[in-house]
Participant: 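Encoded as structure tokens, here's the structure I'll be asking about.
Within every chain, numbering begins at 1; the chains are lettered A, B, ... in the order of the sequence lines, protein sequences first and strands thereafter.
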Amino acid sequence: MEGYPHQEIEKKWQEFWEKNESNRVTEDLSFPKEKRLYILDMFPYPSGEGLHVGHPEGYTATDILSRYYRLNGYNVLHPMGWDAFGLPAENYAIKTKIHPSITTQKNINTFTRQIKSLGFSYDWSRTFSTTDPEYFKWTQWIFLKFFEKGLAYKSKAPINYCPSCKTGVANEEVVNGCCERCGTPVERRLIDQWLLKITAYADRLLDDLELVDWPDDIKTMQKNWIGRSEGANIIFDIDKFNERIEVFTTRADTIFGATYLVLAPEHPLVDKITTSGQKKEVLDYKQKTLNKSDLERTSLNKEKTGAFTGSYAIHPLSGKLLPIYISDYILMHYGTGAIMAVPAHDERDFDFASKFRLPIVQVVAPERDMAISLDKPYVEDGYSINSAQFSGLPTSKCAERIIEELERMKKGKRAVTYKLRDWIFSRQRYWGEPIPIINCPDCGHVPLKYEQLPLLLPLIDSYEPAGDGTSPLSKVTSWVNVKCPKCGADAKRETNTMPNWAGSCWYYLRYTDPHNDKEFASIEKQSYWMPVDIYVGGKEHAVLHLLYARFWHKFLFDLGLVTTAEPFMKLRNQGLILGENNQRMSKSRGNVINPDDIVKEFGADTFRMYEMFMGPLETSKPWNKNSIGGIRRFLDRIYDYFTSVSLDAESLPPDIDRLLHKTIKKVGEDIETISAYNTAISALMILLNELQNLESIPRKVAQSYIVILSVFAPHIAEELWGTVGDGKPIFLKPGDREVLWPSYDESRIKDETVTYAIMISGKKRATIEMPAGANRQDVENEAKKLPMVQKYLENAHIKTIIFVQDKIINFVL
RNA sequence: GCCGGAAUGGCGGAAUUGGUAGACGCACGAGACUCAAAAUCUCGCGAGCUUCACAGCUUGUAAGGGUUCAAAUCCCUUUUCCGGCACCA
């Protein structure tokens, strides 16, 4: 590739910035807080494949923002690190016997080299990996706080278990219900697991979404995930048993339409109330349900299945007997694990009732007293019918009255239910943070003392799972067997490790004070830097990472350990970069682009600018090799022009001066959108196209152009600054920085003349130039002079004239 | 199945949020330079039609309908694609 020598220039300036500490922050906390900014990327998992072209998309956007704000006088914290615990390193270790820490370090080195080759302005003095003991010491410390406050608890929870590999497998490793490695159908097993009580924060996680500037679709996803719904728990006594079933419903108004009850197959009452004649059928059905995942239970079987228990419940208001069924469309962990089925007004109940020939009773009508044909359920609100003294009431009113009545009878009460479930926090894996708990037969779960942290992973030589579903750690007897710190009896360490989400729940706090060995971060530094002002990453973290991190943050907030209610004020997502064939990049499709190749051939500046020019940040867009060449040509033209143009001119021609000011305004505004980088770059192209007609321009103009360019293409800009600049580099260490970003003059942006579109009955027929701000009558008179317009106006009656200042005049005939 | 998002030239995308559709770039075509090619520069480039030409007409933003002086933009119906999913009572 000819043109400017990108390899030489990029290396030179990357070394300069690093040596000069150009990317550091000022640690002087008296620097005004309103001029500090925390701009963060979601840190990557350093995979063995190396950097993907999708990573630099978000990183370039935040780099542009960081450089832009620094050039405007801000103190910008812009760090990078590694989320390095996880499955791939462990699976690789099982295959190769190479310790995950070695693979991880190698991958981190590769990622670091690749990211540095793109010239991002990260402050590398603050980097760390979640696998560093100095870091996960504090992850464990926070876990102990959860334990101390009763928010970490042990309970039975299901795992996917492969009976052939004799190991637990992650959801990701289950393909079509079978183990990814051996193809054996995966079973579900209940084992003792640690859970974090995220449900205790459900309402606050929901309500505080109001406080943050996040994309609406992400907020909606979190709201739906938390899934708060208000309704009532209603008690049904069971006929011939001294037992009762509590159901949750959001439609208490439909209670007179309940014709049967359904329990989740796992419901504890099932065995008790199943009559002897039905035992076999119920048992068989429970067995079948056991190995179905929620996904299968909920999406695959359109055909409803179930079994009759043989028992009947007593309707609390009508006294009628309702048969009790079990069915897998009822999930134990939602609501009470039991429902009253109202087939006339619920689709799932309708399907079930149709299949099992159960009665369907209409109790809601769209209009008062109107009956509808029940070939499908009526799920809308309306007016109650067939509901005793409640008939005639509108839906919401009716529900209220019925709940009041049930409360009076002590047969029900208002209730709120969430879809959100507690977070299963243990994994039967090696490569994660060890859970700092000792299990003593007498004292139960005994936490390690804070001074005993970090609890390191023991070195082992076989990473194969233990074979009984427990972690490989359980094989390391020298590590597992300890004395109970409380009573001194023989005890065992917890062998489950934390999930890979743990480390990413608080890493943004650590960046504010990354080398602190007394606290996870000092309150002083946190309160200066937090919250994160701008957080950029992929949409795939919409619920898990972003919800878990918010949960930890709120927990720490309650303990007075952090200073803000929310961690991330503004969130933006980057879109997917697809392969040239418009499909997701993957090895198997053979459409993967390696960033190294692009940097080598075209240079980092071209790569960065191309990714920003592809389209708005948040949309997904396909890679196109030809288009990169266009960006490279643009940078070559910039290089040629600014190394040859004379800088002696006094001023620019007025129209180009106007364009310059417009460009400064537009680019600044586009950058701040965190989206429209493509149009910012096109504005720079338009300006260059005009400047190229001039042999001489003022030095000040060249400086403005290069400074604007520098946030997108820092290396070439820094190089050209040597020619047009003031003797000092653009990007300097905090104390040496100046506000270099050019300002624009609003009064010099206004055009003197504007083009009016002349429309006849809404169709454009001609255009005329008029002075800006011309009055309606003048425009009308000028327009009528045009032969083109006269042609249409003669023999026609003008009904009305629509005039839009500086835009159009429309003659409606 | 449910929820969310999207659909604009050969391609990526613009469009002041209801006001001249197609900015900018790619690809392509013609020309200049060259012995030639590459690179570079200049011009053209939604489709169809009329015209020697200047120019003009029709049509066009997934499809169909509607609101409006005016719709890529707002409303209704439909189709396709992408993302998410936990049958959530």
Side-chain angles (χ1 to χ4, degrees), chain A residues 1-3 215-218 220-221 224-225 227-229 231 247-251 254 262 293-302 304 327-331 333-342 345-349 351-352 379 417-421 539-540 542-543 575-576 578 580 582-584 610 613-616 618-631 633-634 636-637 640 666 676 678-686 688-689 692 755-767 788 791 799-813:
Chain A
M1 169 69 66
E2 292 182 37
D216 286 338
D217 54 340
I218 301 286
T220 308
M221 278 164 127
N224 291 343
W225 191 269
R228 182 189 156 96
S229 53
V247 305
F248 175 75
T249 178
T250 56
R251 292 292 305 271
T254 61
V262 190
S293 67
D294 284 0
L295 208 86
E296 286 171 289
R297 283 168 69 160
T298 56
S299 73
L300 264 179
N301 62 335
K302 293 204 167 105
K304 291 284 175 288
S327 176
D328 62 7
Y329 78 95
I330 304 304
L331 302 174
H333 52 65
Y334 184 78
T336 58
I339 61 152
M340 61 175 202
V342 184
H345 305 290
D346 181 281
E347 286 185 40
R348 289 150 300 152
D349 298 346
D351 291 345
F352 190 91
V379 298
T417 272
Y418 302 90
K419 293 181 199 170
L420 186 69
R421 316 201 278 267
K539 233 176 220 167
E540 66 272 20
V543 278
L576 219 56
L578 304 168
E580 298 219 67
N582 236 310
Q583 290 184 317
R584 195 186 269 272
Y610 169 62
F613 190 62
M614 289 170 87
E618 66 281 5
T619 63
S620 72
K621 48 238 152 188
W623 189 265
N624 183 311
K625 194 161 182 190
N626 280 329
S627 295
I628 308 171
I631 293 288
R633 274 203 286 278
F634 171 54
D636 279 334
R637 274 164 54 214
D640 289 347
K666 174 158 182 62
N678 55 334
T679 52
I681 292 168
S682 89
L684 282 175
M685 289 171 170
I686 292 167
L688 182 72
N689 290 345
Q692 273 189 316
T755 308
Y756 274 89
I758 299 169
M759 302 173 101
I760 310 292
S761 296
K763 271 202 193 307
K764 186 184 85 167
R765 294 299 176 185
T767 58
M788 187 65 217
K791 190 177 95 187
K799 226 176 17 188
T800 177
I801 298 172
I802 309 274
F803 176 76
V804 180
Q805 187 70 57
D806 295 345
K807 291 217 162 71
I808 58 153
I809 182 158
N810 185 4
F811 297 91
V812 184
L813 305 182

Participant: Using atom C1' in both nucleotides, what's the gap between B:A47 and B:G22 to the nearest angstrom?
Facilitator: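 That atom pair is separated by 13 Å.
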Participant: Under 4.0 Å, heavy atoms only, any strand: does A:Ser229 hit a base, just the sugar-phosphate, or nothing?
Facilitator: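 If one applies the 4.0 Å heavy-atom cut-off, A:Ser229 turns out to touch the sugar-phosphate alone, with no base involved.
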Participant: A:Tyr334 side chain N/O closer than 4.0 Å to the phosphate oxygens (OP1, OP2) of B:A89?
Facilitator: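 Affirmative; the distance criterion is met.
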Participant: Could you state the atom-to-atom distance from CZ of A:Arg348 to C1' of B:G1 in whole Å?
Facilitator: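 That distance rounds to 12 Å.
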Participant: Check the distance between B:A14's P and A:Met685's CE and give it to me in whole angstrom.
Facilitator: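 Rounded to whole Å, this separation is 14 Å.
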Participant: Quote, to the nearest angstrom, the C1' distance that separates B:C45 from B:C26.
Facilitator: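 The same atom, C1', in both gives a distance of 13 Å.
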Participant: I need the minimum non-hydrogen distance between A:Pro616 and A:Lys621, along with the two atoms involved.
Facilitator: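 Between these two residues, the closest heavy atoms are O-NZ, 2.5 Å.
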Participant: For nucleotides B:A6 and B:A62, find the distance between their C1' atoms and express it as a whole number of Å.
Facilitator: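 It comes out at 11 Å once rounded to the nearest Å.
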Participant: From the set B:A89, B:A14, B:G25, return the single nucleotide nearest to any side-chain atom of A:Asn689.
Facilitator: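 Nearest listed nucleotide: B:G25.
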Participant: Quote, to the nearest angstrom, the P distance that separates B:A70 from B:U58.
Facilitator: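 After rounding to an integer number of Å, I get 16 Å for this pair.
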Participant: Starting at CG of A:Asn810 and ending at C1' of B:U68, how long is that distance when rounded to a whole Å?
Facilitator: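 From A:Asn810 CG to B:U68 C1': 11 Å.
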Participant: Please verify the inter-ring angle class for A:Tyr329 with A:Phe352; under 30° counts as parallel, over 60° as perpendicular, anything in between as tilted.
Facilitator: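 Tilted: the ring planes of A:Tyr329 and A:Phe352 meet at 30° to 60°.
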Participant: Heavy-atom distance under 4.5 Å between the side chains of A:Lys419 and A:Tyr334, does that happen here?
Facilitator: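 Counting from C-beta outward, A:Lys419 and A:Tyr334 do come under 4.5 Å.
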Participant: Identify which nucleotide among B:A89, B:C24, B:G25 has an atom closest to any side-chain atom of A:Ser627, counting heavy atoms from C-beta outward.
Facilitator: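 Looking only at heavy atoms from C-beta outward on A:Ser627, the closest nucleotide is B:G25.
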Participant: With heavy-atom distances below 4.5 Å as the criterion, would you say the side chains of A:Asp806 and A:Tyr756 are in contact?
Facilitator: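 Yes, at least one pair of side-chain atoms sits under 4.5 Å.
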Participant: Side-chain contact test, heavy atoms from C-beta onward, threshold under 4.5 Å: evaluate it for A:Thr254 versus A:Asp346 and give yes or no.
Facilitator: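 SC-SC contact between A:Thr254 and A:Asp346 ruled out.
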Participant: When you check the phosphate oxygens OP1 and OP2 of B:A70, does a side-chain N or O of A:Arg765 lie under 4.0 Å from one of them?
Facilitator: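 No, A:Arg765 has no side-chain N/O under 4.0 Å of OP1/OP2 on B:A70.
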Participant: Once side-chain hydrogen bond (donor to acceptor under 3.5 Å, both in side chains) is applied, do any residues pair with A:Gln692, and if so which ones, sequence neighbours excluded?
Facilitator: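 By the side-chain hydrogen bond (donor to acceptor under 3.5 Å, both in side chains) rule, A:Gln692 matches A:Arg637.
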Participant: What distance do A:Met759 atom CE and A:Ile802 atom CD1 have between them, rounded to the nearest 0.5 Å?
Facilitator: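 Taking CE in A:Met759 and CD1 in A:Ile802, the distance rounds to 10.5 Å.
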Participant: Which of the following nucleotides, B:A89, B:C24, B:C85, is nearest to the side chain of A:Thr250?
Facilitator: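 It is B:A89.
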Participant: What I want to check is whether an N or O donor and acceptor connect the side chain of A:Asn626 with the base of B:C26 at under 3.5 Å.
Facilitator: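 There is none.
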Participant: Between A:Val262 and A:Ala341, what is the shortest heavy-atom contact and its length?
Facilitator: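 Reported closest heavy-atom pair: CG2-CB, 4.3 Å.
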Participant: I need the CZ-P distance between A:Phe248 and B:C88, as an integer number of Å.
Facilitator: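 Checked: the CZ to P distance equals 13 Å.
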Participant: So if I take every side-chain heavy atom of A:Lys807 and compare against B:G19, B:U58, B:C69, which nucleotide ends up nearest?
Facilitator: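 Side chain of A:Lys807 sits closest to B:G19.
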Participant: Would you mind calling B:U73 syn or anti? Take O4'-C1'-N9-C4 for purines or O4'-C1'-N1-C2 for pyrimidines, and syn is within 90° of 0.
Facilitator: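 What B:U73 shows is an anti base, its glycosidic angle lying more than 90° from 0.
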Participant: For A:Ser620, report the nucleic acid contact type (base, sugar-phosphate, nothing); a contact means any heavy atom under 4.0 Å.
Facilitator: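 Contact class for A:Ser620: sugar-phosphate only.
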Participant: Classify the nucleic acid contact of A:Gly630 as base, sugar-phosphate or nothing, counting any heavy atom under 4.0 Å across all strands shown.
Facilitator: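 Sugar-phosphate contact only.
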Participant: So what does A:Lys621 touch, heavy atoms closer than 4.0 Å: a base, only the sugar-phosphate, or nothing?
Facilitator: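 The residue A:Lys621 makes sugar-phosphate contact but no base contact.
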Participant: Of the options B:C26, B:C88, B:A23, whose atoms approach the side-chain atoms of A:Lys419 most closely?
Facilitator: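 The answer is B:C88, which lies nearest to the side chain.
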Participant: Can you tell me how far P in B:C76 sits from the matching atom in B:C3, rounded to whole Å?
Facilitator: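 The same atom, P, in both gives a distance of 14 Å.
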Participant: When the C1' atoms of B:G4 and B:A71 are compared, how many Å lie between them, rounded to an integer?
Facilitator: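 Rounded to whole Å, the distance is 25 Å.
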Participant: Send over the distance from A:Arg421 CZ to B:A86 C1', rounded to a whole Å.
Facilitator: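 For the pair A:Arg421 CZ and B:A86 C1', the rounded distance is 6 Å.
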Participant: Hey, does A:Ile808 reach any base, or is it just sugar-phosphate, or nothing, if we go heavy atoms under 4.0 Å?
Facilitator: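 The answer is base, as A:Ile808 lies within the cut-off (heavy atoms under 4.0 Å) of a base atom.
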Participant: Give the nucleotide from the list B:G56, B:A14, B:U20 with an atom nearest to the side chain of A:Lys764.
Facilitator: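 Output: B:U20.
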Participant: Check A:Asp349 against A:Met340 and note the closest heavy-atom contact, atom names and distance.
Facilitator: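 Closest approach of A:Asp349 to A:Met340, heavy atoms only: OD2-O, 4.1 Å.
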Participant: Rounded to whole angstroms, how far apart are CG on A:Asp351 and C1' on B:A89?
Facilitator: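 Whole-Å distance recorded here is 14 Å.
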Participant: How would you label the contact of A:Thr249 with the nucleic acid (heavy atoms, under 4.0 Å): base, sugar-phosphate, or nothing?
Facilitator: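 Sugar-phosphate, no base atom in range.
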Participant: Tell me: CZ of A:Phe613 to P of B:A14, nearest whole Å?
Facilitator: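 Spelled out: CZ on A:Phe613 to P on B:A14 is 10 Å.
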Participant: With pairs defined as Watson-Crick or G-U wobble and both distances under 3.5 angstrom, please note down RNA chain B as a dot-bracket string, | for pairing with another strand.
Facilitator: (((((((..(((......[....))).(((((.......))))).(((((....)))))..(((((..]....))))))))))))....
Participant: Using the glycosidic torsion, which applies to B:G9: syn (within 90° of 0) or anti (everything else)?
Facilitator: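 That one's syn.
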Participant: Where the side chain of A:Arg633 is defined as all heavy atoms beyond and including C-beta, which of B:G19, B:A89, B:U40 is the nearest nucleotide?
Facilitator: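 Per side-chain heavy atoms of A:Arg633, the pick is B:U40.
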Participant: Do you know the tightest heavy-atom contact between A:Ala766 and A:Met788?
Facilitator: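 In this case the closest contact between A:Ala766 and A:Met788 is CB-CG, 4.1 Å.
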Participant: To the side chain of A:Met221, which of B:A89, B:G84, B:A86 is closest?
Facilitator: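 Minimum distance to the A:Met221 side chain belongs to B:G84.
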Participant: Using the C1' atom in both, what is the distance from B:G18 to B:U61, to the nearest Å?
Facilitator: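 Rounded to whole Å, the distance is 15 Å.
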Participant: If only side-chain N and O atoms of A:Asn678 are considered, is one of them under 4.0 Å from the OP1 or OP2 phosphate oxygen of B:A14?
Facilitator: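 The answer is yes; a side-chain N or O of A:Asn678 sits under 4.0 Å from OP1 or OP2.
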Participant: Taking any heavy-atom pair under 4.0 Å as a contact, classify A:Arg228: base, sugar-phosphate, or nothing.
Facilitator: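 Counting heavy atoms under 4.0 Å across all strands, no contact is made by A:Arg228.
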Participant: Between the side-chain atoms of A:Arg251 and the base atoms of B:A89, is any donor-acceptor pair under 3.5 Å?
Facilitator: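 There is none.
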Participant: Which of these nucleotides, B:A89, B:C57, B:G19, is closest to any side-chain atom of A:Met788?
Facilitator: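 The listed nucleotide nearest to A:Met788's side chain is B:C57.
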Participant: Mind checking A:Lys763 for me? I need base, sugar-phosphate or nothing, with any heavy atom below 4.0 Å counting as a touch.
Facilitator: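 Here A:Lys763 touches the backbone only, sparing every base.
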Participant: Out of B:C88, B:C26, B:A89, which nucleotide sits closest to the side chain of A:Asp346?
Facilitator: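 Within the option list, the nearest is B:A89.
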Participant: Given the C1' atoms of B:A23 and B:A15, what is the spacing between them in whole Å?
Facilitator: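 It comes out at 8 Å once rounded to the nearest Å.
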Participant: For A:Thr800, answer base if it contacts any base atom (sugar-phosphate contacts may also be present), sugar-phosphate if it contacts only those atoms, and nothing otherwise; contact means non-hydrogen atoms under 4.0 Å.
Facilitator: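 Nothing, no nucleic acid heavy atom in range.
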Participant: Between A:Met614 and A:Pro622, what is the shortest heavy-atom contact and its length?
Facilitator: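 Nearest pair, atom of A:Met614 first, then A:Pro622: CE-O, 3.3 Å.
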Participant: What is the separation between atom CG on A:Asn224 and atom P on B:C3, rounded to the nearest whole Å?
Facilitator: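 Spelled out: CG on A:Asn224 to P on B:C3 is 10 Å.
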